[in-house]
J.: 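Before I ask anything, let me first share the structure, which is written out below as structure tokens.
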Amino acid sequence: IPRRFQQVDLHLNETNPSDLISSKAGVLVSHRLDLNAPYEDIFGHYATNTKRNVKSARSQGLLLDTEIPVSEVISLFRASSRGQDKAVRMGDADYGCFLEMAGFACQRGLLDTWGARTPNGQLIAGACFLKDAQRTWFWASGRNEELARFKAMFFILDEYIRQRAHQPLVLD
């Protein structure tokens, strides 16, 4: 890699050896959850705060929508503080590329796009999950920060886990 590059992002999975990478490399944590267990067992291992947020979300009367357009997830993200953060450095072309990749995955049945709606139907959070036969990746998400009290992302993720429990899958 030419020296003029100050930063290089390499995303390696857990089976790649990292001892050959510079000591200046940062390590990001990826969480993997084996879904091949009863939902009650999986839920029982949630952190106390997560259990509280899931219960709060369920009490809000949220509606699950399992077919939201990826463009709506992107809109929620772009409108959020994370989407507005200058460090994210994503422009229209980047979001266009993301939509193109999502369309490719969707055509092949490799993408789930789930959302949470308020009882009156307003979309307040959405998530994109890439998948194959053995693994699902939480790929992208967005939420309406003004309605954070609904805990909608907890609702979406918990429902995704609930509906895939007892299957030989890993949620990454």
Side-chain angles (χ1 to χ4, degrees), residues 7-18 21 25-39 41-43 45-47 50 53-54 57 62-85 87-117 123-145 148 150-172:
Q7 176 181 337
V8 174
D9 289 332
L10 296 174
H11 297 275
L12 307 173
N13 66 38
E14 65 271 10
T15 63
N16 291 120
S18 61
I21 299 173
V27 177
L28 300 176
V29 176
S30 178
H31 298 283
R32 289 170 299 285
L33 177 63
D34 184 357
L35 298 178
N36 199 8
Y39 169 76
D41 291 352
I42 297 170
F43 182 85
H45 287 95
Y46 286 4
T50 300
N53 284 322
V54 167
L62 294 175
L63 306 170
L64 182 67
D65 185 341
T66 60
E67 296 184 11
I68 64 168
V70 175
S71 60
E72 291 190 34
V73 176
I74 291 173
S75 292
L76 286 167
F77 176 79
R78 289 185 88 169
S80 73
S81 60
R82 284 187 58 224
Q84 299 290 316
D85 186 344
V88 172
R89 290 182 276 176
M90 288 185 64
D92 291 339
D94 300 307
Y95 289 110
C97 183
F98 182 86
L99 277 171
E100 202 172 313
M101 289 187 299
F104 181 87
C106 195
Q107 288 173 355
R108 287 156 183 77
L110 303 173
L111 184 68
D112 288 330
T113 53
W114 286 27
R117 296 184 182 278
L123 183 68
I124 58 171
C128 299
F129 300 89
L130 282 175
K131 60 186 181 173
D132 67 17
Q134 296 90 24
R135 190 174 291 244
T136 298
W137 294 266
F138 180 64
W139 191 33
S141 65
R143 68 184 181 106
N144 180 327
E145 291 175 343
F150 282 92
K151 312 291 186 196
M153 198 56 65
F154 285 95
F155 173 77
I156 293 169
L157 286 167
D158 180 65
E159 194 58 36
Y160 201 84
I161 291 166
R162 178 190 299 270
Q163 292 191 25
R164 280 157 182 73
H166 266 297
Q167 296 181 34
L169 290 171
V170 172
L171 175 59
D172 195 334

J.: Ignoring hydrogens, what is the shortest heavy-atom contact between Ala152 and Leu62? Give both atom names and the distance.
T.: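 Here Ala152 and Leu62 meet closest at CA-CD1, 3.9 Å.
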J.: Would you name the heavy atoms of Val70 and Cys128 that are closest together and state the gap between them?
T.: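 Nearest heavy atoms, Val70 then Cys128: CG1-SG, 4.1 Å.
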J.: Taking Gln163 as the fixed residue, which of Leu35, Asp158, Leu64 is the one that meets the side-chain contact (heavy atoms from CB on, under 4.5 Å) rule?
T.: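 With Gln163 as partner, Leu35, Asp158, Leu64 yield a single side-chain contact (heavy atoms from CB on, under 4.5 Å), made by Leu64.
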J.: Check the pair Ile42 / His166 against side chain to side chain contact (heavy atoms under 4.5 Å, CB included), numbers first and verdict last.
T.: CA-CA 10 Å; Ile42 297 170; His166 266 297; over 6 Å; no
J.: Does any non-hydrogen side-chain atom of Leu76 lie less than 4.5 Å from one of Arg143?
T.: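 They are not in side-chain contact.
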J.: Quick check: closest heavy atoms across Gly115 and Leu123, and the distance to 0.1 Å?
T.: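 Taking every non-hydrogen atom into account, CA-CD1, 3.9 Å.
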J.: What distance do Leu110 atom CG and Thr136 atom OG1 have between them, rounded to the nearest 0.5 Å?
T.: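 Leu110 CG to Thr136 OG1: 10.5 Å, rounded to 0.5 Å.
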J.: Which heavy atom of Ala125 sits nearest to which heavy atom of Met153, and what is that distance?
T.: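 Shortest heavy-atom contact: CB-CE, 3.9 Å.
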J.: Hey, can you tell me if Trp114 and Phe129 have their rings parallel, tilted or perpendicular (30° and 60° cut-offs)?
T.: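 Taking Phe129 first and then Trp114, their aromatic rings stand perpendicular (interplane angle over 60°).
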J.: Give a yes or no on this: more than 12 heavy atoms of other residues, nucleotides or ligands lie within 6.0 Å of atom CZ of Arg162.
T.: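 Yes, CZ of Arg162 has more than 12 neighbouring heavy atoms, counting only those of other groups under 6.0 Å.
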J.: Rounded to the nearest 0.5 Å, what separates atom CD1 in Ile161 from atom OH in Tyr46?
T.: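 Between atom CD1 of Ile161 and atom OH of Tyr46 there are 3.5 Å.
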J.: If you round to the nearest 0.5 Å, how far is CZ of Arg78 from CE of Met90?
T.: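 It is 8.0 Å, given to the nearest 0.5 Å.
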J.: Nearest 0.5 angstrom please: Leu33 CG to Phe138 CZ, how far?
T.: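 Rounded to the nearest 0.5 Å, the CG-CZ separation comes out at 13.0 Å.
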J.: Measure across Ser81 and Glu145 and return the closest heavy-atom pair with its distance rounded to 0.1 Å.
T.: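 Closest heavy-atom pair between Ser81 and Glu145: OG-OE2, 2.7 Å.
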J.: For the atom pair CG (Asp65) and OG1 (Thr113), what is the distance rounded to the nearest 0.5 Å?
T.: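 Spacing of CG (Asp65) from OG1 (Thr113) equals 8.0 Å.
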J.: Rounded to the nearest 0.5 Å, what's the gap from CD on Gln167 to CD on Gln134? Could you check?
T.: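 The CD atom of Gln134 is 12.5 Å from CD of Gln167, to the nearest 0.5 Å.
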J.: For the pair Arg135 and Val170, evaluate side chain to side chain contact (heavy atoms under 4.5 Å, CB included) and give the outcome as yes or no after the intermediate values.
T.: CA-CA 5 Å; Arg135 190 174 291 244; Val170 172; 4.1 Å; yes
J.: Would you please indicate if the ring centroids of Tyr95 and Phe98 are separated by under 6.0 Å?
T.: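 Not close enough - the centres of the two rings lie 6.0 Å or further apart.
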J.: Which heavy atom in Val73 sits nearest to a heavy atom in Ala127, and how many Å separate them?
T.: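 Heavy atoms of Val73 and Ala127 come nearest at CG2-N, 4.0 Å.
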